[in-house]
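Indexing begins at 1, ligand by ligand and atom by atom, following the structure's order.
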Amino acid sequence: MRLQFPAGVAGAARPPGADHTPRGLWERKMTARGLRRAASRLLERPAVPGRVSRACSTFRTFAEVLRLPPRQMTKLAFPLRELQRQLTPDSRLGLHVKTFDPSLEAISQAESVFTAGGRHRIEYVSSAVRLDHAPDLPHPEVCFIGRSNVGKSSLIKALFSLAPDVEVRVSKKPGHTKKMNFFKVGKYFTLVDMPGYGYRAPEDFVDMVETYLKERRNLMRTFLLVDSVVGIQKTDNIAIGMCEEFALPYVMVLTKIDKSSKGHLLKQVLQIQKFVESETQGCFPQLFPVSSVTYSGIHLLRCFIANITGNLKTDGL
Ligand code: GDP
């Protein structure tokens, strides 16, 4: 296993050397051949076609969020906490909202990592269809992976909204990203936008992604995007299987949370959290719900990325 959990609770979803014995769902998927066969199913059509986005929110900077009334501020900065209010006091404990719980100050500090200016350049570097064509960048790396149309490009665009010169293309048609796109965030880290799986995935998707996940030495964390409207789909299970098989530390991000009612979102969060607890070894227990339209959860996710790439210490861990 090349990838190690860094020190700190954010890296301690499961301790290094944890028993990765397949169980439950994974028992049926973990053999190399089975995994490969299953992975080819990643090329299937998505369950729900996408919609054209609404206008973007103005809450791109955390200073703007801090000026909001407390309830609205919490909703934008800590969307899970807002959901927690829906639960009875007894069941509140069951929702993982405190595993990564940075202070408002830490979230503000993390913003500087994502704000381009002066010598701090945030830029697209190159694209690659094979790992040996990937740029040789020395910094810690994080990658974003998910079904076509899950909202991956929109999320990356939202994360980079403080660096307006970075061009992240957002398509109206599914299956836009066919290559691995590398973005350099100054001297801090590299962000990789992986090809979308499912409908219209590139033919060599499996080879490309499998090799990258298995062999990229400086990959610190994989962010696996799940559409909060429809929850985990069959194709997502296979991507999860890959992360488990390669013993990768990964995190589930729930996209498009502005599209669901609170009740529906809470149901999805609890279901997915239960799945993470019972069926996975390498997934971080706390989910990250986000909306690229309202910017809910975006600032917290920036803070988490700054933390796990070693660029920000937070006392909320
Ligand atoms: P990708 O194929 O995973 O890169 O997905 P895109 O980022 O291109 O998004 C697919 C569709 O979902 C587009 O129509 C987006 O405008 C829409 N979308 C993405 N994120 C959100 C979100 O947070 N909220 C809403 N309402 N729509 C979104």
Peer 1: Using a 4.0 Å cutoff against the non-hydrogen atoms of Lys259, which atoms of ligand 1 qualify?
Peer 2: 25 (C), 26 (N)
Peer 1: So if I count the atoms of ligand 1 from 1 in the order they appear, which ones are less than 4.0 Å from some heavy atom of Ser154?
Peer 2: 6 (P), 7 (O), 9 (O), 15 (C), 19 (C), 20 (N)
Peer 1: Can you name the ring-ring contact (aromatic ring centres under 6.0 Å, His included) partners of His120, sequence neighbours left out?
Peer 2: Tyr188
Peer 1: Look at the aromatic rings of Phe183 and Tyr124 and report parallel, tilted or perpendicular, splitting at 30° and 60°.
Peer 2: perpendicular
Peer 1: Say you draw a straight line from OG of Ser228 to CG of Asp258; how long is it, rounded to the nearest 0.5 Å?
Peer 2: 8.0 Å
Peer 1: Counting heavy atoms not belonging to Lys187, are there more than 12 under 6.0 Å from its NZ?
Peer 2: no
Peer 1: Please list, in number order, the atoms of ligand 1 under 4.0 Å from a heavy atom of Val293.
Peer 2: 22 (C), 23 (O), 24 (N), 25 (C), 26 (N)
Peer 1: What about Gly151: any of its N or O atoms under 3.5 Å from an N or O on ligand 1?
Peer 2: yes
Peer 1: Kindly write out the residues that satisfy side chain to side chain donor-acceptor pair (under 3.5 Å) with Tyr212, not counting sequence neighbours, or none if the list is empty.
Peer 2: Glu141
Peer 1: Quick one: does Ser153 get an N or O within less than 3.5 Å of an N or O on ligand 1?
Peer 2: yes
Peer 1: Give the contacting part of Val150 toward ligand 1: side chain, backbone, both or neither, where contact means a heavy-atom distance below 4.0 Å.
Peer 2: both
Peer 1: Which atoms of ligand 1 have any heavy atom of Ser291 under 4.0 Å away?
Peer 2: 23 (O)
Peer 1: Which heavy atom of Ala116 sits nearest a heavy atom of Ala163, and at what distance?
Peer 2: CB-CB, 3.7 Å
Peer 1: I need the atoms of ligand 1 closer than 4.0 Å to a non-hydrogen atom of Asp258, numbered in the order shown.
Peer 2: 22 (C), 23 (O), 24 (N), 25 (C), 26 (N)
Peer 1: Below 3.5 Å, N or O to N or O, backbone or side chain included: is there any such pair between Ser292 and ligand 1?
Peer 2: yes
Peer 1: Do the ring centers of Phe284 and Phe304 come within less than 6.0 Å of each other?
Peer 2: yes
Peer 1: Tell me whether Ile257 has any N or O atom under 3.5 angstrom from an N or O of ligand 1.
Peer 2: no
Peer 1: Give, for atom CD1 of Ile272 and atom CG of Leu254, the distance between the pair rounded to the nearest 0.5 Å.
Peer 2: 4.5 Å
Peer 1: For atom 21 (C) of ligand 1, state which one of Arg147, Lys256, Lys157 supplies the nearest heavy atom.
Peer 2: Lys256
